[in-house]
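Just below is one structure, and these are the notes that go with it.
Values reported hereafter were calculated over all heavy atoms of this structure, with side chains retained and with hydrogens, waters and symmetry mates removed. What you see is a predicted model; the values in this text were computed from it and never measured.
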Amino acid sequence: MKGDSHTPAFRILSGNQITRIHEKTLIVLEEIGVQVLHEEALDMLKGAGGKLQEDSTVRIPHQMVERALKTSPRTCEIFDREGNSRMILDGTRTYYGSFSDSFLILDHELGRARPFLLRDIRTVVKVIDAMPNIRFMTCPGILPREEPGMAPRLTFKECFKNTKKPFSFHGDRNTCTDIINFCLRVSGGRSAFQSKPFIFRAIEPISPLRHSQEGVEGILTCADYDIPLVYYPYCLMGGTSPVTIAGSLVQCNAEVLSGLVIQQLRNPGAPFVYGAMPAPMDMRTTTGLYGAPELHLAIAASCEIARYYGLPFFGTAGVSDSKHLDYQGVMEATMSCLMTGFSRPDLAHDVGLLDHSNIVSPELIVLTNEIIDMIQPLVQGIPVDEETLAIDVIRKVGPGTRNFIQEDHTYRHFRSFWYPGLLDRSMEGETPDLREKVKEKLREILRHHEAEPLPRDVAQGLERLVPG
């Protein structure tokens, strides 16, 4: 008998609901339009059939959307800088990633948040590099206290030095051009880089329904170099998008698909990753919520919309609104990882962010690595075949006082259970609590974990990215 392994099913939207969201999205694009603050992009859109209005708003006919969806690749592959495949975005697995820098860092020694400094990038990237379940980094380059104008370059430099894992990059046109040219040299030329990209770009439109000058420049640059583009609206439901989840899904979809149209007009076949972050707004504080169940419900629904189009999806996991790594922090991080595990986005970013994404916590990155590991048995399902049904061993042991512990069948399969690296299952004696285990794991990484040194010529080229 052939073996049978069934992946657990998890659906938020029905097929009919997704179709209605798609139809309403086309109405938004055709009758309302999106604002595009970039002259070259407006000319491209007008030349392809878009209806240009006086205020830089362009109405996009459904035929343009359909053409863009036809030319956009169904899969995307991202490599490391040595040309090894690291992530295949084809809807079959989820890769988790974290932030490299933020406004604040939860200092594990001080036990409180403080301003994020340049040296903290090395700390965070070392932790990410050491965590096997954290597969990539998003690097916004937002250091507020030291060299703010150089932040994207400094972030790129520290990430490149301290990990081989793929990561995003950020910056203005000159910074991005310099970063890309550096990557071309490291790869051995444009063709080699385009065939095995090891960086990607994450860009947000401005909700509601606006594509900024800087954002569109990023879209076009990625298209020109075949750099994987993640395009994801971060909107506040009731603030910058409708208060209902369904309405926000329509608006986000219109923003993403219009970004896709611009990219595919520039370079048909350029890799594109659909993203969406429709966050509830707490009307008591006007704060966008990262730990709210509705956020992760909306992200899971957005993932299903992306699958409807056959596009890879960019979600989030391992996050909390708490300002501390406390019960709330662990509770919300676990919920987000579990929702992500079942909804199966291709990429899930923001692991380790607290306080509405304002604080990065290296401790939460370490803990979430364990949470991600723990949920894998839940999302993989139960293999059912002749071997796992175990009729022969049940017959051999039979009724009575015998047991299964000495059977070869037990020896073959007991390792398939999940065994924790940090959680405690001991039956006797005192053990450190989980908080202390996480801190000690973090200290061990920072004392001993080192990335492989860069070749001298590559290191010298990297130094030139940051003058002085």
List the atom pairs, with distances to 0.1 Å, where a side-chain N or O of residues 39-52 and a protein N or O form a donor-acceptor pair under 3.5 Å, not counting sequence neighbours.
residue : atom : partner : partner atom : Å
E40     : OE2  : R266    : NH1          : 2.5

### Query
Run the side chain to side chain contact (heavy atoms under 4.5 Å, CB included) check on S302 and L249 step by step: do they pass?
CA-CA 7 Å; S302 299; L249 292 176; 3.3 Å; yes

## Note on the structure
Here the gap from M137 atom CE to N162 atom CG, rounded to the nearest 0.5 Å, amounts to 8.5 Å

### Derivation of the side chain to side chain donor-acceptor pair (under 3.5 Å) call for T71 and Q264
CA-CA 7 Å; T71 58; Q264 294 298 304; 2.8 Å; yes

### Query
Can E77 and K196 be counted as an ion pair, charged N to O under 4.0 angstrom?
no

#### Entry: Straight-line distance of E204 CD to C235 SG, nearest 0.5 Å
10.0 Å

### Message
Just so I know, are the side chains of Y308 and I21 near enough to count as touching, which here means a heavy-atom distance under 4.5 Å?
### Response
no

### Task
Begin with the C-alpha distance, continue with both residues' side-chain angles, and end with the deciding distance and a verdict on salt bridge (charged side-chain N to carboxylate O under 4.0 Å, His left out) for R447 and E440.
CA-CA 10 Å; R447 282 195 299 261; E440 185 52 41; 2.9 Å; yes

### Task
Walk me through it: do D172 and T175 pass the test side chain to side chain donor-acceptor pair (under 3.5 Å)?
CA-CA 5 Å; D172 58 22; T175 295; 3.0 Å; yes

### Query
What is the ring orientation for F160 with F182, classed by angle as parallel under 30°, tilted 30 to 60°, or perpendicular over 60°?
perpendicular

#### Entry: The single option from F136, Y232, Y234, Y96 passing ring-ring contact (aromatic ring centres under 6.0 Å, His included) against H349
Y232

#### Entry: Sidechain N-carboxylate O distance under 4.0 Å for R435, D433
no

### Task
Might you point out which heavy atoms bring T25 and N253 nearest each other, and give the distance in Å?
OG1-ND2, 2.9 Å

### Query
Residues in side chain to side chain donor-acceptor pair (under 3.5 Å) with R344, at least two apart?
none

### Query
Per the ring-ring contact (aromatic ring centres under 6.0 Å, His included) rule, which among F156, F79, F198 passes with F167?
F156

### Ionic contact status for E109 with K439, cut-off 4.0 Å
no

### Query
Looking at Y225, does the NZ or CZ of R190 lie under 6.0 angstrom from its six-membered ring centre and within 45 degrees of the ring axis?
yes

### Message
Using the ring centroid of each side chain, check whether H211 and Y231 are separated by less than 6.0 Å.
### Response
yes

